[in-house]
Amino acid sequence: MWPGSMSPYCAAARTTYNSEARALVDQDYYWVTSVLWLIEGQSSLRYGRAWRKMTTPLLMRQTLRTTPKIPTPKDDRIILHFDYDCFYASVFENETPALKALPLGIKQKSILATCNYVARARGVKKLMLISDAEKICPELVLRNGEDLTRFRDVSKRLWSFLRSHSWNRKVERLGLDEVFLDVTDIVEYNVQLLNPNALVHSFFQLSEQDPEKGFSFDASAFFGCTIPPKRPDGDGATLGNHPAYARLLVASHLAGYLRHKLEEDFGYTSTCGVSTNKVLAKLAGTKNKPKNQTTLLNLHEGDALAFMDEWQIRKIPGMGFKNSQLVENHILQRPSEAVPHDHEHAVKITTREVLAHPGMSPGLLEKILGGPGTERGIGDKVWNMLHGVDNAGVKEASDIPTQISIEDTYVTKTLNTQAELMRELHALARSLIRRMRVDLVVAEEDDNSYPLTGETAAQKWLAYPKTLRLSTRVKSRPSVMDGSQQAPPRDNYYNRSSRSSPLPTFVFSLKDGIDYVAERLVNEAILPLFRRLHNERHNWNLALVNICVTNMVPTGNEDGSVGGGRDISKMFKTQGAKLKEFTVYSNDPPAPVATAKPNSLRGLSNSSENSAAVASQGPTGDARVVANDHDDHDQQMEDIEAEGTAMAWDDDDDDDGECRRCPECGQRIPEFAMSAHRRFHALGD
DNA sequence: TGGCTAAAG
DNA sequence: GGTTCTTTAGCCA
């Protein structure tokens with residue numbers, strides 16, 4: 001298969017790109033002089049160039065005027081893109097293997113979030129209405145996927161596995177079911193290891209230290225599919241004469257191995273794309289789904305472009321609905337009002353058509369897509385993407401999410417009463433605290449360094465979120481009053497409004513139960529925010545409530561997370577300062593006569609367990625400072641309870657004066673919250 | 001900080 | 001009859 005005349009791979013693998021410089025004159029591109037190229041700052045001595053052939057002087061003038069720059073492909077990286085096959089469905093199938101043989105759909109409220117391939121074979125599609133799906137496939141087995149916990153857990157496990165095979169920690173998760181890996185280093189290392197005389201019996205070393213750790217593979221062929229399909233007789237590029245070829249080939253085997261392990265060890269089949277940047281890897285992967293992989297052989301200038309040509313621009317990651325439609329409207333010379341704007345109108349146009357459009361250039365794209373409020377440099381970015389050039393790096397793995405949020409929608413039955421609100425707020429707050437403890441707390445390995453915790457299972461926070469945010473969305477009521485044609489504003493994502501405040505530090509106490517912390521969070525922080533959003537005491541018509549913690553301050557530790565936050569006592573001091581602001585703010589509107597204290601937790605907060613231990617695990621070990629600070633906060637919180645909360649539903653109070661003692665916990669509960677409170681007891685955890 | 005938009009799965 | 005639940009990122013004032 002390999003001509004004997006080819007040079008040894010080891011030498012070839014070290015060949016620089018200079019030796020690969022080539023001109024592609026046989027495509028209908030423009031000629032641009034290299035001088036022009038240099039003037040434009042696009043010079044590249046390392047890479048070959050695509051020369052665009054100009055056929056007419058007119059075109060030449062046009063080209064020189066608009067100077068479309070053909071982006072320089074940077075193909076010195078190797079990127080893998082993993083996509084777990086119908087992930088949500090697979091999670092349920094792994095829990096209950098009998099489901100594998102049945103058509104399975106995962107629902108979220110009234111829509112089908114996803115379904116397995118058995119269901120797809122019967123015509124069921126993702127994002128269908130449940131009612132439609134059941135019509136098409138009455139035997140469809142449905143599972144509820146509104147609670148994402150199980151998916152998050154599995155996603156994290158699979159991600160950790162992939163991460164454990166990375167040398168550079170560049171392992172980026174996209175959603176729950178996709179992962180990018182930059183494997184340039186590990187692949188390059190293994191290319192050097194290839195023995196040209198024994199390709200069939202190659203060994204892939206997964207560890208630089210331990211040469212035994214790895215797997216055998218056959219380097220005489222690609223693993224999985226390739227684009228273009230590899231002809232058995234070869235097509236010129238070989239392991240010996242093309243470095244990118246060797247890297248992609250070796251990478252295809254790594255991808256195959258990782259996919260195999262994901263399936264064997266975890267039970268998840270996946271699809272993988274192998275290429276030199278994120279966009280290409282992701283697109284390549286979609287060519288053979290499910291349970292397969294595809295390596296894009298973009299070995300020569302123009303290969304990436306040829307690959308991109310066929311794609312509808314809407315399918316290119318990063319090209320969303322809005323931008324695709326703007327481009328299509330321009331190409332088809334269609335006024336933007338001409339297309340139905342309400343529903344997602346399919347954008348059909350392909351990369352080829354866009355690039356063939358007269359005068360197309362980064363500048364023109366900037367004109368089409370740019371403007372106030374839009375991303376700067378969008379023209380260049382899209383232009384590059386259409387050429388298969390994507391310089392975005394794979395982000396380094398971080399254990400710390402930038403934000404944790406939890407929300408629920410109330411589409412059929414909006415929230416209107418305080419009881420309903422309290423019930424939902426408590427439920428959301430409990431989920432949030434649970435999530436914070438799962439995602440932000442880790443076991444502390446070194447137990448003697450924290451004698452002050454006095455706890456058996458030493459745990460600590462990876463990061464402390466500083467900010468709490470509450471967002472709501474109200475469902476617009478059809479206006480009965482005016483018969484005008486004015487359509488009511490659409491109830492969409494963007495009709496949210498939000499308020500934020502510092503996150504009280506008691507949420508970091510791991511000693512207290514979730515319910516207790518959640519209850520306090522609702523009463524002491526979320527309700528005040530709610531009142532800043534809604535003056536009315538009821539009839540808000542809430543269609544959505546979201547609570548979110550963000551603004552993470554890493555505690556700074558061994559795990560490679562970005563530094564800062566070393567000194568925890570300092571961190572709590574800042575929080576203290578913030579909390580003072582908070583207190584002031586809460587009192588800012590002249591506090592009304594506090595006749596009653598709705599939601600007061602005084603009964604509970606007097607109990608001795610309540611004192612503290614917030615951050616007793618702080619790495620500084622400065623217990624005194626921390627504890628003092630915390631006491632401060634407690635005091636402030638008491639203040640807020642006494643005044644802030646009472647202020648909250650201020651003015652004309654007719655019913656909030658009455659509080660009753662809960663027979664179960666003895667807490668004083670305002671009348672309106674009593675039913676919610678009882679349910680709270682009934683639910684247990 | 002908060003509003004708003006866009007995109008992703 | 002019905003569009004879920006998030007996360008990230010960017011611009012603007």
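Keep in mind the model is a prediction, meaning the values are calculated, not measured.
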Undergrad: Measure from the side chain of A:Thr402, starting at C-beta and using heavy atoms only, and say which of C:dT6, C:dG2, C:dT8 lies closest.
TA: C:dT8
Undergrad: Identify every side-chain donor-acceptor pair in residues 106-119 of chain A under 3.5 Å, counting partners at least two apart or on other chains, and give the distances.
TA:
residue: A:Gln108; atom: NE2; partner: A:Gly145; partner atom: O; Å: 2.9
residue: A:Lys109; atom: NZ; partner: A:Asp408; partner atom: OD1; Å: 2.8
residue: A:Lys109; atom: NZ; partner: A:Thr409; partner atom: O; Å: 3.3
residue: A:Lys109; atom: NZ; partner: A:Thr409; partner atom: OG1; Å: 3.3
residue: A:Thr114; atom: OG1; partner: A:Arg120; partner atom: NH2; Å: 3.3
residue: A:Asn116; atom: OD1; partner: A:Leu104; partner atom: N; Å: 3.0
residue: A:Asn116; atom: OD1; partner: A:Val118; partner atom: N; Å: 3.3
residue: A:Asn116; atom: OD1; partner: A:Ala119; partner atom: N; Å: 2.9
residue: A:Asn116; atom: ND2; partner: A:Glu93; partner atom: OE2; Å: 2.9
residue: A:Asn116; atom: ND2; partner: A:Leu102; partner atom: O; Å: 2.8

Undergrad: Which residues within residues 133-150 of chain A lie with some heavy atom under 4.0 Å of an atom in DNA chain C?
TA: A:Glu146, A:Leu148
Undergrad: B:dA6, OP1 or OP2 - any side-chain N/O from A:Thr374 closer than 4.0 Å?
TA: no
Undergrad: Looking only at side-chain atoms of A:Arg499, point me to the closest of C:dT6, B:dG9, B:dG3.
TA: B:dG3
Undergrad: Check whether any side-chain nitrogen or oxygen of A:Thr409 sits under 4.0 Å from OP1 or OP2 of C:dT3, and answer yes or no.
TA: no
Undergrad: Closer than 4.0 Å, any side-chain N/O of A:Arg469 to the OP1 or OP2 of B:dT1?
TA: no
Undergrad: Does A:Arg376 place a side-chain N or O at less than 4.0 Å from the phosphate oxygens OP1/OP2 of C:dC11?
TA: yes
Undergrad: Assign each of A:Gln403 and A:Leu129 to its nearest nucleotide of DNA chain C by heavy atoms, then name whichever residue's nucleotide is nearer the 5' end.
TA: A:Leu129
Undergrad: Do A:Ser90 side-chain atoms and A:Cys86 backbone N/O form a donor-acceptor pair below 3.5 Å?
TA: yes
Undergrad: Between B:dG9, C:dT8, C:dT6, which nucleotide has the shortest distance from any of its atoms to the side chain of A:Glu407?
TA: C:dT6
Undergrad: Answer with base, sugar-phosphate or nothing: what part of the nucleic acid does A:Arg435 contact at a heavy-atom distance below 4.0 Å?
TA: sugar-phosphate
Undergrad: Is the phosphate of C:dT4 approached by A:Lys109 (side-chain N or O, under 4.0 Å from OP1 or OP2)?
TA: no
Undergrad: So, is A:Ser110 close to the C:dT3 phosphate, meaning a side-chain N or O under 4.0 Å from OP1 or OP2?
TA: no
Undergrad: Could you walk me through whether A:Thr294 and A:Asn292 pass the side-chain hydrogen bond (donor to acceptor under 3.5 Å, both in side chains) check?
TA: CA-CA 7 Å; A:Thr294 309; A:Asn292 212 330; 5.7 Å; no
Undergrad: For A:Thr114, answer base if it contacts any base atom (sugar-phosphate contacts may also be present), sugar-phosphate if it contacts only those atoms, and nothing otherwise; contact means non-hydrogen atoms under 4.0 Å.
TA: nothing
Undergrad: Out of C:dT4, B:dA7, B:dG3, which nucleotide sits closest to the side chain of A:Ile111?
TA: C:dT4
Undergrad: Among C:dA9, B:dA8, C:dT6, which nucleotide sits nearest the side chain of A:Lys395?
TA: C:dA9
Undergrad: Looking only at the side chains, is there a donor atom on one of A:Asn541 and A:Thr414 sitting less than 3.5 Å from an acceptor on the other?
TA: yes
Undergrad: Compare the minimum distances between each of B:dT1, C:dT7, C:dC5 and the side chain of A:Thr467, then state the nucleotide with the smallest one.
TA: B:dT1
Undergrad: If we only count heavy atoms from C-beta on, is the A:Glu424 to A:Tyr410 side-chain gap below 4.5 Å?
TA: yes
Undergrad: Check whether any side-chain heavy atom of A:Thr286 sits under 4.5 Å from a side-chain heavy atom of A:Lys315, and report yes or no.
TA: no
Undergrad: I need the full list of salt bridge (Lys or Arg N to Asp or Glu O under 4.0 Å) pairs touching residues 124-137 of chain A, with sequence neighbours left out, sorted by first then second residue.
TA: A:Asp132-A:Lys135
Undergrad: So A:Ile316, base contact, sugar-phosphate only, or nothing? Heavy-atom distance under 4.0 Å.
TA: sugar-phosphate
Undergrad: Please report the distance, rounded to the nearest Å, between CZ in A:Arg173 and C1' in B:dG9.
TA: 12 Å
Undergrad: Is any side-chain nitrogen or oxygen of A:Ser498 closer than 4.0 Å to OP1 or OP2 of B:dG3?
TA: yes
Undergrad: Just N and O in the side chain of A:Asn546: are any of them under 4.0 Å from OP1 or OP2 of C:dT6?
TA: no
Undergrad: Which part of the nucleic acid, if any, lies within contact of A:Lys381, taking any heavy atom under 4.0 Å across all strands shown: a base, the sugar-phosphate backbone alone, or nothing?
TA: nothing
Undergrad: Looking only at side-chain N and O atoms, does A:Arg473 come under 4.0 Å of OP1 or OP2 in C:dT4?
TA: no
